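Below is one structure, written out as structure tokens, with a few remarks after it.
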Amino acid sequence: MEKIKMITPLVEMDGDEMTRILWKMIKDELLSPFIDLKCEYYDLSLQNREATKDKVTYDAAYANKKYGVGVKCATITPNKQRVEEYNLTEMWKSPNGTIRNILNGTVFRAPIMTDFIIPSVRSWKKSITIARHAYGDVYKATEFRVPGKGVAKLVFEGENGESFCETICDYDGAGVLQGQFNKDSSIKDFAHACFKFALDTKQDLWFSTKDTISKQYDQTFKLIFEEIYNEFYKEAFEAAGIEYFYTLIDDAVARVIRSEGGFIWALKNYDGDVMSDMVSTAFGSLAMMTSVLVSPDGCFEYEAAHGTVTRHYYRYLKGEEPTANPMALIYAWTGALRKRGELDGIAELVSFADKLEAACMTTLSSGIMTKDLVNLTPDGFEAKAVKTSEFFSAIRENLEKTL
């Protein structure tokens, strides 16, 4: 068959470790044979971020703003151990955090549902979508290692002369200090994105913070959501028969566990990071979760919700054949290709993305899957654990049957 032609480039952001290996396998086995891929490529490996002093991350983010659709591999956010392992000159910030702050969007994460993987939470019957604010908070925080005795203060100096100064801590010895922020404009964008997504998907929207403790920071989120809901979305929600619901985050956790699913759970940046991993794992696997960043100006960035699969990578370096699950990475590509096709009016590209996802599901339903999923199947389901290369071959075979 003739390869599908693209008009506008996808912004491709390559990553680290095992996911970088899987990324290439996906392109070589499932994409390049069928699509004349048009990508603007950025190497976000830790080595290249070090070589470019992280300029490549910023370049990739602004390219995503320019072209509208990006697809990103998983990347390492270095800690002290990684700095030593990769001989870094600096503990570079999270690439995801940098990109999300530049795009100022909301991350929507939802499990890839199947009929044969039973969620760990017995009551869950429907998907739970995590809507994660993707700006500010701890990911853009200023930090300081306090060396000894001293006073830390929170200071604000307004342009109109208004000022604020209050002691944070009177240190009697060494410690740590962190200052984080957010902006009303970004919180409003987050609220609009959540309400619109709920209406588009006809799902209830839950939102939770800890406003009883954080009486300014978290309460600002709560009040802005209430204001925007009442002014812009209340009537539409009622007409659609869906609900907007706010509760404290600790109460929300208890409610989520007891629920049957089928709603969107909106969370602040760090809360969304943690809870998306909990939800994806409880639904089956971190490798079975979609993730898309949606910005207010209509930009989209698709990625896997999991990390770089370090454990599998170390085995790969020892000569072992990969056994990692590539599903989330495949769905990052299908999401980006589908959106690129929709924006450019290329029906064949949209159809290809649909057929590739269907081929993945056909492969899994036939019992061919990676080891992490075999252990999650119910009694009586015949499943066979295969190497990653065998999994790709089976998907490609099923894909070719539909093309």
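Note that this is a predicted model, so its numbers are computed, not measured.
Cation-pi check for Arg132 over Tyr139 is met; the charged atom lies under 6.0 angstrom from the ring centroid and within 45 degrees of its normal. A cation-pi arrangement, defined by a distance under 6.0 Å to the six-membered ring centre and an angle within 45 degrees of its axis, is absent between Lys149 and Tyr171.
Of the charged side-chain nitrogens involved, none lies within less than 4.0 Å of a carboxylate oxygen, so that Asp14 and Lys24 do not count as a salt-bridged pair. The existence of a salt bridge linking Glu342 and Lys339 is confirmed by a sub-4.0 Å separation between a basic side-chain nitrogen and an acidic carboxylate oxygen.
Between Pro78 and the choices Arg49, Lys93, Glu85, the side-chain contact (heavy atoms from CB on, under 4.5 Å) rule is met once, by Arg49.
From Lys268, atom NZ reaches atom CE of Met275 across 12.0 Å, with rounding to the nearest 0.5 Å. From Thr57, atom OG1 reaches atom CG of Leu44 across 4.0 Å, with rounding to the nearest 0.5 Å. Rounded to the nearest 0.5 Å, atoms CG (Asp204) and CD (Glu243) are 5.5 Å apart. Rounded to the nearest 0.5 Å, atoms CD (Glu17) and SG (Cys73) are 10.5 Å apart. In this structure, Leu205 CG and Lys196 NZ are separated by 14.0 Å, a value rounded to the nearest 0.5 Å. Interatomic distance, Asp297 CG to Leu103 CG, rounded to the nearest 0.5 Å: 7.5 Å.
Between Trp333 and Tyr302, the ring centre distance reaches or exceeds 6.0 Å. When ring centroids are compared, Phe190 and Phe225 come within the 6.0 Å threshold. Ring to ring, Tyr229 and Tyr246 are not that close: their centroids are 6.0 angstrom or more apart. Checked against the 6.0 Å centroid threshold, Tyr244 and Tyr233 do not count as a close aromatic pair.
Contact annotation: the side chain of Asp43 approaches that of Tyr41 to within less than 4.5 Å [non-hydrogen atoms, C-beta and beyond].
Between the side chain of Thr167 and the backbone N or O of Lys153, no donor-acceptor pair lies under 3.5 Å. The closest donor-acceptor contact from the side chain of Arg338 to the backbone of Leu349 lies at 3.5 Å or more, if one exists at all. Proximity of a side-chain donor or acceptor of Asn101 to a complementary backbone N or O of Gly136 within less than 3.5 Å is detected. When atom types are taken as modelled, the side chain of Ser280 and the backbone of Asp277 share a donor-acceptor pair closer than 3.5 angstrom. A distance-only check finds a donor-acceptor pair linking the side chain of Asn79 to the backbone of Gln81 [under 3.5 Å]. Put simply, the side chain of Thr377 never gets that close to the backbone of Leu373: no donor and acceptor are under 3.5 Å apart. In this structure, the side chain of Ser351 does not engage the main chain of Ala347 through any donor-acceptor pair within 3.5 Å. Distance alone, capped at 3.5 Å, places no donor-acceptor pair between the Ser32 side chain and the Asp28 backbone. Using a distance-only test at 3.5 Å, with no hydrogens or angles considered, a donor-acceptor pair links the side chain of Lys215 to the main chain of Thr212.
Judged purely by distance below 3.5 Å, without hydrogens or angles, the side chains of Tyr42 and Glu40 pair a donor atom with an acceptor atom. Using a 3.5 Å distance cut-off with no hydrogens or angles, the side chains of Arg82 and Thr310 do pair a donor with an acceptor. No side-chain donor-acceptor contact under 3.5 Å links Ser45 and Asp16. For Asp372 and Ser285, the side-chain atoms include at least one donor-acceptor pair closer than 3.5 Å. Between the side chains of Gln219 and Ser214, no donor-acceptor pair of N or O atoms lies under 3.5 Å. Side chains of Ser208 and Trp265: a donor on one and an acceptor on the other come within 3.5 Å. Asn182 and Tyr135 share no side-chain donor-acceptor pair at under 3.5 Å. Side chains of Glu260 and Ser123: no donor on one and acceptor on the other come within 3.5 Å. For the residue pair Thr89/Glu50, the side-chain donor-acceptor check at 3.5 Å is satisfied. Under the 3.5 Å distance criterion, with hydrogens and angles disregarded, a donor-acceptor pair is assigned to the side chains of Lys72 and Thr75.
Across all their heavy atoms, Leu22 and Phe392 have their closest contact at O-CZ, 4.2 Å. Nearest heavy-atom pair across Ala359 and Ile395 is CB-O, 3.7 Å. Minimum heavy-atom separation, Thr8 to Met6: O-CE, 3.7 Å. Closest approach of Asn104 and Ser186 over heavy atoms only: OD1-OG, 2.8 Å. Shown here for Thr247 and Phe245, the closest heavy-atom pair between the two residues is CG2-CE2, 3.7 Å. Of all the heavy atoms in Phe300 and Asn64, the pair that sits closest is O-ND2, 3.2 Å.
No more than 12 heavy-atom neighbours from other residues, nucleotides or ligands sit within 6.0 angstrom of CG on Asp115. The number of heavy atoms from other shown groups lying within 6.0 Å of OH (Tyr86) is above 12. With a 6.0 Å radius and a threshold of 12 heavy atoms from other residues, nucleotides or ligands, Glu143 has its CD atom above the threshold. Few gaps surround NZ on Lys38; more than 12 heavy atoms of other groups in view lie less than 6.0 Å from it. Annotation for Glu157: atom CD does not count as buried by contact number, only 12 or fewer foreign heavy atoms lying within 6.0 Å. Counting non-hydrogen atoms of neighbouring residues, nucleotides and ligands closer than 6.0 angstrom, the NZ atom of Lys3 exceeds 12 such neighbours. The number of heavy atoms from other shown groups lying within 6.0 Å of NZ (Lys53) is above 12. Annotation: Glu235, atom CD; neighbour count of heavy atoms from other residues, nucleotides and ligands within 6.0 Å does not exceed 12.
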Inset, instruction - Applying side chain to side chain donor-acceptor pair (under 3.5 Å), run through Thr388 and Glu321 and close with a yes or a no. - result: CA-CA 8 Å; Thr388 306; Glu321 190 174 346; over 6 Å; no
Inset, instruction - Give the C-alpha distance, both sets of side-chain angles, the deciding distance and a yes or no for side chain to side chain contact (heavy atoms under 4.5 Å, CB included) between Thr129 and Arg109. - result: CA-CA 5 Å; Thr129 300; Arg109 289 179 172 172; 6.0 Å; no
Inset, instruction - Take Arg20 and Tyr313 through the test side chain to side chain contact (heavy atoms under 4.5 Å, CB included) and record every step on the way to the result. - result: CA-CA 10 Å; Arg20 186 181 182 92; Tyr313 181 61; over 6 Å; no
Inset, instruction - Would you sort out whether Tyr217 and Asp137 count as a side chain to side chain donor-acceptor pair (under 3.5 Å), showing the intermediate values? - result: CA-CA 10 Å; Tyr217 202 105; Asp137 296 352; 2.4 Å; yes
Inset, instruction - I would like to know whether Lys371 and Thr323 meet side chain to side chain contact (heavy atoms under 4.5 Å, CB included); could you show each step before the answer? - result: CA-CA 7 Å; Lys371 185 178 179 181; Thr323 59; 5.7 Å; no
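The ring-ring contact (aromatic ring centres under 6.0 Å, His included) check on Phe381 picks up Phe116, with sequence neighbours excluded. When the ring-ring contact (aromatic ring centres under 6.0 Å, His included) test is applied to Phe221, the partners found at least two apart in sequence or on another chain are His133.
Between Phe263 and Trp206, the ring planes are parallel. Angles under 30° get that label, and only those over 60° would be called perpendicular.
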